[in-house]
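When a residue number appears, it is its place in the shown sequence, counting from 1. Not measured: the values here are computed from a predicted model. Order of listing sets the numbers, starting from 1, for every ligand and every atom in it.
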Amino acid sequence: MNLILLGPPGAGKGTQAKRLVERFGLAHVSTGDILRAAIKSGSELGQKAKGYMDRGELVPDDLVVGIIRERIGQPDCAKGFVLDGFPRTVPQAEALDGMLSAASCRLDRVVALEVSDQAVLERNTKRRSCPTCGATYHLVNAPPKKAGVCDRDATPLVHRPDDQPEAILKRMEEYRQKTAPLKDFYRKVGLLREIDGSGAQDDVARALDRQLEG
Ligand code: ADP
């Protein structure tokens, strides 16, 4: 099974992707996590991406397409993958089509998580992330067991620079202009399924499973 999760920042793509990975043994491909790891390691890719990310802008297509080309060629992706945060533009989706057909591979579903602007703002403002393992928490709805540190590895949690109010508004705008048109792109080829992403994590998970089974 090869899937794409679409949705605005903070829609819950990462949370749901991690659950699908556990449940179906899929490879989790998160461009956001890969880019943050590149920044942390100080690589050339990280240095190129950092400014865009901190401002809440999309990183140029050629950089992320290169990341994905390399990542989905790795052996663990052969058993199926869930793309979280890619594609985010129509040119990225076209590049993905090309890569998949060259590998005689296809997409099975594209699931869009629908969340209101107000919820997006609230979730990103209250999101805290683990810089070591990428786990995310919500200060109110899904707090860590011990305040301020990651449940898994006890790393102090951070408020990502792109989760600051100005960058959040920019990310929402980027989503509206560049990513939301992907819904039409995948609707036309019959792959799109839309679900309500505004409920509790388990409710969203159930709605997602229904779309994958049906
Ligand atoms: P969220 O889904 O909460 O917005 P991500 O971790 O997926 O967060 O992405 C964080 C940032 O990484 C984006 O705002 C953007 O700068 C960059 N990024 C991630 N994926 C892509 C992509 N496919 N194309 C361009 N930029 C990307």
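Note on ligand 1: Arg36 sits in its first shell, one or more heavy atoms being nearer than 4.0 Å. Residue contact check for ligand 1: Gly10 places a non-hydrogen atom closer than 4.0 Å to it.
Counting heavy atoms from C-beta outward, Leu58 and Tyr52 have side chains that stay 4.5 Å or more apart. The side-chain heavy atoms of Pro87 and Ile4, taken from C-beta on, include a pair separated by under 4.5 Å. With contacts defined as side-chain heavy-atom distances shorter than 4.5 Å, the pair Leu212/Leu20 qualifies. Within the 4.5 Å cutoff, no side-chain heavy atoms of Thr125 are placed close to those of Leu139.
Atoms of ligand 1 found under 4.0 Å from any heavy atom of Glu57 (numbered from 1 in listed order, with element): 15 (C), 16 (O). Atom numbering of ligand 1 starts at 1 in the shown order; those under 4.0 Å from a heavy atom of Gln92 are 22 (C), 23 (N), 24 (N), 25 (C). Ligand 1 places these atoms under 4.0 Å from at least one heavy atom of Gly85: 20 (N), 21 (C), 22 (C), 23 (N). Taking every non-hydrogen atom of Leu35 and a distance limit under 4.0 Å, the qualifying atoms of ligand 1 come out as 12 (O), 17 (C), 18 (N), 19 (C). The Lys13 neighbourhood of ligand 1 comprises atoms 2 (O), with distances under 4.0 Å to a heavy atom of that residue. Set against the non-hydrogen atoms of Arg127, the atoms of ligand 1 under 4.0 Å away are 3 (O).
With respect to atom 11 (C) of ligand 1, the closest heavy atom belonging to the protein is Met53 CE, 3.7 Å. In this structure, atom 8 (O) of ligand 1 lies nearest to the protein heavy atom Arg160 NH2, 3.3 Å. Of the protein's heavy atoms, Arg88 NH2, 3.8 Å lies nearest to atom 5 (P) of ligand 1.
Taking all atoms of both residues into account, the shortest heavy-atom contact from Leu113 to Lys13 is CD1-N, 3.7 Å. Minimum heavy-atom separation, Pro131 to Val158: CG-CG1, 4.1 Å. Taking every heavy atom of both residues into account, Ile168 and Asp163 meet most closely at CD1-O, 3.0 Å. Nearest approach of Lys170 to Arg55, heavy atoms of both residues: CG-O, 3.3 Å.
Relative to atom 10 (C) of ligand 1, the option among Asp162, Ile34, Val120, Leu96 with the closest non-hydrogen atom is Asp162. The option from Val59, Thr31, Leu63 that lies nearest to atom 25 (C) of ligand 1, judged by heavy atoms, is Val59.
Below 3.5 Å of separation, one finds no N or O of Asn124 facing any N or O of ligand 1. At under 3.5 Å, not a single nitrogen or oxygen of Leu58, backbone or side chain, sits near a nitrogen or oxygen of ligand 1.
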Verdict with reasoning, Thr155 to Cys133, per side chain to side chain contact (heavy atoms under 4.5 Å, CB included): CA-CA 9 Å; Thr155 306; Cys133 72; over 6 Å; no

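Judged by distance alone, with hydrogens and angles left aside, the side-chain atoms of Thr31 form a donor-acceptor pair with the main-chain N or O of Gly85 at under 3.5 Å.
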